[in-house]
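This one's a predicted model, so the numbers in the text were calculated from it and none came from an experiment.
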Amino acid sequence: MGTVVLKLTKEKQETVISDFAQQGISPPPYARFAARTTGCILTVYNSGKVTFQGQAAESIAARYGTPAAKKAPSTASNSLPADFSSWSVVGSDEVGKGDFFGPLVVVAAYVDQSKIELLRELGVRDSKNVSDPEIRNIARDLHNVVPYEYRILHNPEYNRMQRTMTQGKMTALLHNSALNGLFDQLDTPPQAILIDQFAEKTTYYKHLSGEARQVKDNVYFSTKAEGLHVAVAAASILARAIFLKEMDQLSRQTGTEIPKGAGAKVDQVAASLLLRYGAERLQQWTKFHFANTKKAQALAEKRNRP
């Protein structure tokens, strides 16, 4: 079955909708129109992307445009099989480890080999190379394309756990939990699992030593895994979109636009919140053991001086 994805202007989207109005069917979430015709199912997404799937996909899509030139896939890691990028894989990645404000988020996403080309056409790639607005748009499309499971470790629970364990162990526990949750959804197991490496394999499983259910079969670990299989890139984008939503909520709660990361701007905002709400409230919104806490306290004291 062929798949073609086009990014069309609003005028061309309207043309597609008009041409297939008679064959319209109920569209999936985040789409404004869908139709089923002989040899093709087409979907017009709110993001402006239009997908054509089926034996007649290429011929029908050709009426409206041609796909953007494809980028060559990244070279696979030496530790992975040569054809790994074409396998059906579960990818797992996390977001928020280095951010003072906001939670730690992990997503495990399954990409069947039949969906790999579709995800590439939808713009799925390393989330570090994608702007936040585009992250949100791609994540909306992914929500209906790939099965995934996520875990959010909010700041109060993060700070409680941090008293007795490292951030690495917390991250490993979240990955394992998300993977188990995803496997409970899947009818057939993937060919492999690829985790974006944040710890050595032996250390990762040492962190999981007390867990009754440990995902161990066909698990690979690699740095820069987003470039080795689109499943990890999809997990990265979904995790980032969830993190951004959490940060939006945090900004509403505090009445202040909350910056990402752990730089000087973060210290300034944290100091303002410390003066306005106190240390107890700040702890509910941050990873309190970060050095930013002491920096914010010093800034707050300086502002309070007569």
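Of the charged side-chain nitrogens involved, none lies within less than 4.0 Å of a carboxylate oxygen, so that Glu257 and Lys265 do not count as a salt-bridged pair. Using a cut-off of 4.0 Å between Lys/Arg side-chain N and Asp/Glu carboxylate O, Lys12 and Asp19 are scored as not salt-bridged. Between Arg32 and Glu14 there is a salt bridge, since at least one side-chain N of the basic residue sits less than 4.0 Å from a carboxylate O of the acidic one. Between Asp196 and Lys224 there is no salt bridge, since no side-chain N of the basic residue sits under 4.0 Å from a carboxylate O of the acidic one. Comment: Glu121 does not engage Lys49 in a salt bridge, judged by the lack of any side-chain N to carboxylate O separation of less than 4.0 angstrom.
A distance of 12.0 Å separates CD in Gln53 from CD1 in Ile60, rounded to the nearest 0.5 Å. Rounded to the nearest 0.5 angstrom, Glu94 CD and Leu174 CG are separated by 9.0 Å. Note that the NZ atom of Lys260 and the CG atom of Leu244 stand 6.0 Å from one another [nearest 0.5 Å]. Expressed to the nearest 0.5 Å, how far CD of Glu157 lies from CD of Gln284 amounts to 13.0 Å. For the atom pair CG (Leu80) and CG (Leu194), the distance works out to 6.0 Å, reported to the nearest 0.5 Å.
Shortest non-hydrogen contact noted between Ala231 and Val111 is CA-CG2, 3.6 Å.
Counting only N and O atoms by type, the side chains of Tyr45 and Asn137 include no donor and acceptor under 3.5 Å apart. Looking only at atom types and distance, the side chain of Ser92 has a donor-acceptor partner in the side chain of His175 under 3.5 Å away. Using modelled atom types and a 3.5 Å distance limit, the side chains of Gln162 and Gln167 yield no donor-acceptor pair. If you check the side chains of Gln268 and Arg303, you find a donor sitting under 3.5 Å from an acceptor.
Panel note: side chain Glu149, backbone Asn180; no donor-acceptor pair is recorded below 3.5 Å.
Counting non-hydrogen atoms of other residues, nucleotides and ligands closer than 6.0 Å to CD of Glu200 gives a total of 12 or fewer. Open room surrounds OH on Tyr150; 12 or fewer heavy atoms of other groups in view lie less than 6.0 Å from it.
The ring of Phe221 has its center closer than 6.0 angstrom to the ring center of Tyr204. Ring to ring, Phe288 and Tyr158 are not that close: their centroids are 6.0 angstrom or more apart.
Applying the salt bridge (Lys or Arg N to Asp or Glu O under 4.0 Å) definition to pairs two or more places apart or across chains, those involving residues 163-184 are Asp184-Arg213.
A salt bridge (Lys or Arg N to Asp or Glu O under 4.0 Å) with Glu226 holds for exactly one of Arg240, Arg125, Lys128; it is Lys128.
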